[in-house]
Asker: 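Sharing a structure, written as structure tokens. Questions coming.
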Amino acid sequence: MTCASRVIGHSRKLRNVSALLRQENALFVRWTSNSSHTVSSKRDDALRVRHHGYVPAEKQCYSKSVNDGMMSSPAMLKSSMHWMMAKKLGNPPALLLQTNRTNVYLKRGFSSDSGLPPHQEIGMPSLSPTMTEGNIARWLKKEGDKMSPGEVLCEVETDKATVEMECMEEGYLAKIIKGDGSKEIKVGEVIAITVEDEEDIEKFKDYSPSASVDKVPADKSEPSAPKKEVIEESPKAPEPKVSQPSLVASEDRVFASPIARKMAEDNKVPLSNIKGTGPDGLIVKADIEDYLASGRMEVAASASKQKVATAPDLDYTDIPHSQIRKITASRLLFSKQTIPHYYLTVDTCVDKLMDLRTQLNSLQESLGGKRISVNDLVIKAAALALRKVPQCNGSWTDDYIRQYHNVNINVAVQTDNGLYVPVIRDADKKGLSKISEEVKHMAQKAKENSLKPEDYEGGTFTVSNLGGPFGIKQFCAIINPPQAGILAVGSAEKRVVPGSSPGDYNFASFMSVTLSCDHRVIDGAIGAEWLKAFKGYIENPESMLL
């Protein structure tokens with residue numbers, strides 16, 4: 001009886017094991033799902049959960065919104081639960097701190113069996129909406145330097161400009177993973193390691209992020225490799241009974257459908273060279289088409305080999321693509337492939353415009369201001385024309401046409417690094433002296449490669465002038481998406497025009513301008529109306545001052 005009672009007692013305890021486990025899990029679930037707790041109570045609960053063995057780290061991490069400056073309960077709970085569950089599995093999550101137009105990727109590290117102290121991995125930030133990768137121009141902090149929030153850590157070359165990356169937290173720069181001049185770094189890829197204590201810097205001298213980051217994906221991908229091989233081999237199984245047995249059984253007799261034979265005769269293709277994929281090795285139309293396509297590819301490949309063979313005889317230099325060159329190429333290609341362009345050209349008499357410019361510049365010089373260029377007057381006239389014909393100040397979307405109430409003019413600026421388009425905001429509301437000052441300032445920043453995202457984002461229309469600087473008479477510009485129009489400005493030239501009386505001739509200066517329109521947004525008549533308004537401002541420039 002004594003032994004039986006002991007067995008029964010032990011069995012009752014074993015039955016309570018599952019209840020105890022459910023109680024432990026319930027404690028964790030209750031804490032993570034209760035959104036009414038205060039921040040202090042969450043920290044106390046976190047300490048209790050840590051006591052149960054869920055989070056053996058010394059710090060809690062919360063998802064912060066830099067814009068709000070406050071901690072939000074749902075984000076805090078979600079981030080904390082994700083953090084603790086990931087730490088339980090040995091894989092701490094990556095944090096995403098978002099500032100104005102900037103995503104900085106941080107990943108908190110924990111001390112492990114390798115002896116590494118707590119640290120933080122800094123990823124390549126997303127410094128513009130279209131940025132997928134970037135380059136490190138130079139580091140302003142060195143390994144071992146102390147960092148404070150707001151200090152510039154390094155300069156990053158984005159797809160459009162060079163932007164300063166600021167520190168988010170206090171600490172020390174322990175290791176620079178991507179040094180000066182590193183190129184094509186994907187957004188989120190680790191570029192540096194920071195620590196909180198200065199004595200921990202030496203422990204990261206030989207640190208490599210690939211050892212810890214790439215280890216888990218490699219383990220996951222290995223077991224799936226044999227499955228892919230099986231899948232690829234299964235369609236190839238019926239190949240032997242399609243072609244080879246039929247050829248042997250038929251003693252070199254080739255079976256083909258009538259249309260396949262006709263195509264082979266027309267293209268002078270020997271049927272014996274084609275492997276049939278039809279029933280019992282029958283050659284069908286698709287086999288002839290595939291053979292012809294492969295034949296053309298072979299001809300093209302042989303032609304390319306001949307070109308490569310002659311390349312060593314040429315003297316050339318391979319210039320690596322810059323980030324601005326890459327994004328310019330992709331955006332212009334996207335524009336020409338997806339936007340239905342059409343072009344409208346008009347000649348405008350600029351005699352009165354040049355006279356007004358002379359008067360304004362003499363006034364500017366007396367007041368110590370900067371000289372006004374013809375391009376400044378063109379920008380002002382384009383902005384006023386957009387305000388007069390607002391249908392041209394819009395962009396296309398799949399569901400609607402967005403018509404902008406702000407008139408922001410992008411100005412194309414050519415530099416040694418590439419083409420930049422800084423923006424002049426609310427150009428229709430600014431005076432000529434203000435526009436001239438901003439254009440010169442933005443052009444200088446573009447040449448110094450120091451434009452920030454707010455300097456070129458938010459434009460609604462673009463002006464490109466190749467006339468004044470380069471003497472181009474007339475050209476057609478490519479629309480800068482998502483905008484619906486761009487104005488190409490040519491040079492002014494003297495022309496003979498009829499006078500007031502018969503046989504009387506005068507000289508006048510005319511400037512050719514071409515408007516490139518997105519036909520989805522701007523109909524032909526609307527584009528012509530805009531050009532009429534623009535021409536009116538150019539030929540009667542005093543109206544721009546009213």
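Quick caveat: nothing in here was measured; it's all calculated off a predicted structure. Residue numbers count from 1 along this sequence.
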Asker: Once side chain to side chain donor-acceptor pair (under 3.5 Å) is applied, do any residues pair with N361, and if so which ones, sequence neighbours excluded?
Answerer: none
Asker: Taking C-beta and beyond as the side chain, do I283 and R261 meet within less than 4.5 Å on heavy atoms?
Answerer: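 Contact flag for I283/R261 side chains = no.
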Asker: Any idea which heavy atoms bring V152 and L140 closest together, and the distance?
Answerer: CG1-CD1, 3.1 Å
Asker: Would you say that more than 12 heavy atoms from the other residues, nucleotides or ligands in this model lie under 6.0 Å from the NZ of K440, or not?
Answerer: yes
Asker: Tell me which pairs pass salt bridge (Lys or Arg N to Asp or Glu O under 4.0 Å) where either residue lies in residues 480-490, with sequence neighbours left out.
Answerer: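 Listed by first then second residue: nothing to list.
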Asker: Counting neighbours of NZ on K326 that are heavy atoms of other residues, nucleotides or ligands and sit closer than 6.0 Å, is the number greater than 12?
Answerer: yes
Asker: Would you say the side-chain atoms of N393 pair up with the backbone N or O of N406, donor to acceptor, closer than 3.5 Å?
Answerer: yes
Asker: Where is the tightest heavy-atom contact between E542 and L356, given as atom of each residue plus distance?
Answerer: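 Of all heavy-atom pairs spanning E542 and L356, the closest is N-CD2, 4.3 Å.
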Asker: CG of D504: more than 12 outside heavy atoms within 6.0 angstrom?
Answerer: yes
Asker: With no hydrogens and no angle check, do the side chains of T462 and Q483 hold a donor and an acceptor under 3.5 Å apart?
Answerer: yes
Asker: Give the intermediate values and the outcome of side-chain contact (heavy atoms from CB on, under 4.5 Å) for residues M165 and M124.
Answerer: CA-CA 9 Å; M165 176 181 173; M124 170 61 71; over 6 Å; no
Asker: Write down the atom of N135, the atom of K183, and the distance for their closest heavy-atom approach.
Answerer: OD1-CA, 3.0 Å
Asker: Hey, which of E164, E155, E157 is the one that makes salt bridge (charged side-chain N to carboxylate O under 4.0 Å, His left out) with R138?
Answerer: E155
Asker: Using only atom types and a distance under 3.5 Å, with no angle test, would you say the side chain of S516 pairs donor to acceptor with the backbone of A477?
Answerer: yes
Asker: Side chains of R402 and Y404: do they bring a donor and an acceptor to under 3.5 Å?
Answerer: no
Asker: Using modelled atom types and a 3.5 Å cut-off, is there a donor and acceptor pairing between side-chain atoms of D287 and backbone atoms of V284?
Answerer: yes
Asker: So does E365 pair up with R371, basic N to acidic O under 4.0 Å?
Answerer: yes
Asker: Tell me, please, which residues at least two apart from Y342 pass side chain to side chain contact (heavy atoms under 4.5 Å, CB included).
Answerer: L344, C517, H519, I522
Asker: With sequence neighbours excluded, tell me which residues meet side chain to side chain contact (heavy atoms under 4.5 Å, CB included) with I177.
Answerer: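 In terms of side chain to side chain contact (heavy atoms under 4.5 Å, CB included), with neighbours along the sequence ignored, I177 is linked to K175, V190, I193, Y207, P209.
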Asker: Using every non-hydrogen atom in the two residues, find where L451 and Y456 come nearest and quote the distance to one decimal.
Answerer: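 Result for this residue pair: CB-CD2, 4.1 Å.
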Asker: For K434, does the NZ atom have more than 12 heavy-atom neighbours from other residues, nucleotides or ligands under 6.0 Å away?
Answerer: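 No, NZ of K434 has 12 or fewer neighbouring heavy atoms, counting only those of other groups under 6.0 Å.
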Asker: Considering all heavy atoms of both residues, which atom of S182 and which atom of G179 are nearest to each other, and what is their separation?
Answerer: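 That closest heavy-atom pairing would be OG-O, 2.8 Å.
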Asker: Can any side-chain N or O of T460 pair as donor or acceptor with the backbone N or O of V407 at less than 3.5 Å?
Answerer: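 Between the backbone of V407 and the side chain of T460 there is no qualifying donor-acceptor contact (under 3.5 Å).
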Asker: Could you walk me through whether W139 and I191 pass the side-chain contact (heavy atoms from CB on, under 4.5 Å) check?
Answerer: CA-CA 11 Å; W139 285 91; I191 61 175; 4.2 Å; yes
Asker: Would a distance-only check, ignoring hydrogens and angles, find a side-chain to backbone donor-acceptor pair under 3.5 Å from R331 to P481?
Answerer: yes
Asker: Just by distance, no angles: are the side chains of S433 and Q364 close enough, under 3.5 Å, to form a donor-acceptor pair?
Answerer: no
Asker: Quick one: side chains of residues 375-389, donor-acceptor pairs under 3.5 Å with protein atoms, not counting sequence neighbours, listed by atom name and distance.
Answerer:
from : atom 1 : to   : atom 2 : distance (Å)
N375 : OD1    : N465 : ND2    : 3.2
D376 : OD1    : S373 : OG     : 3.3
D376 : OD2    : S373 : N      : 3.0
D376 : OD2    : S373 : OG     : 3.0
D376 : OD2    : S436 : OG     : 3.1
K380 : NZ     : D428 : O      : 3.1
K380 : NZ     : K430 : O      : 2.7

Asker: Can a donor-acceptor pair be found, under 3.5 Å and without considering hydrogens, that links the side chain of S509 to the backbone of D351?
Answerer: no
Asker: Just by distance, do the side chain of S335 and the backbone of I479 share a donor-acceptor pair under 3.5 Å?
Answerer: yes
Asker: Should the pair H341 and Y343 be assigned to parallel (<30°), tilted (30 to 60°) or perpendicular (>60°) ring geometry?
Answerer: tilted
Asker: Is it true that atom CD1 of I259 has more than 12 heavy atoms of other residues, nucleotides or ligands lying nearer than 6.0 Å?
Answerer: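 Atom CD1 in I259 is not crowded, with 12 or fewer foreign heavy atoms closer than 6.0 Å.
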Asker: Check side chain to side chain donor-acceptor pair (under 3.5 Å) between N417 and all other residues, then give those that pass, not counting sequence neighbours.
Answerer: none
Asker: Start with the C-alpha gap between V513 and V346, add the side-chain angles, then the distance that decides, and say whether side-chain contact (heavy atoms from CB on, under 4.5 Å) holds.
Answerer: CA-CA 6 Å; V513 294; V346 70; 3.5 Å; yes
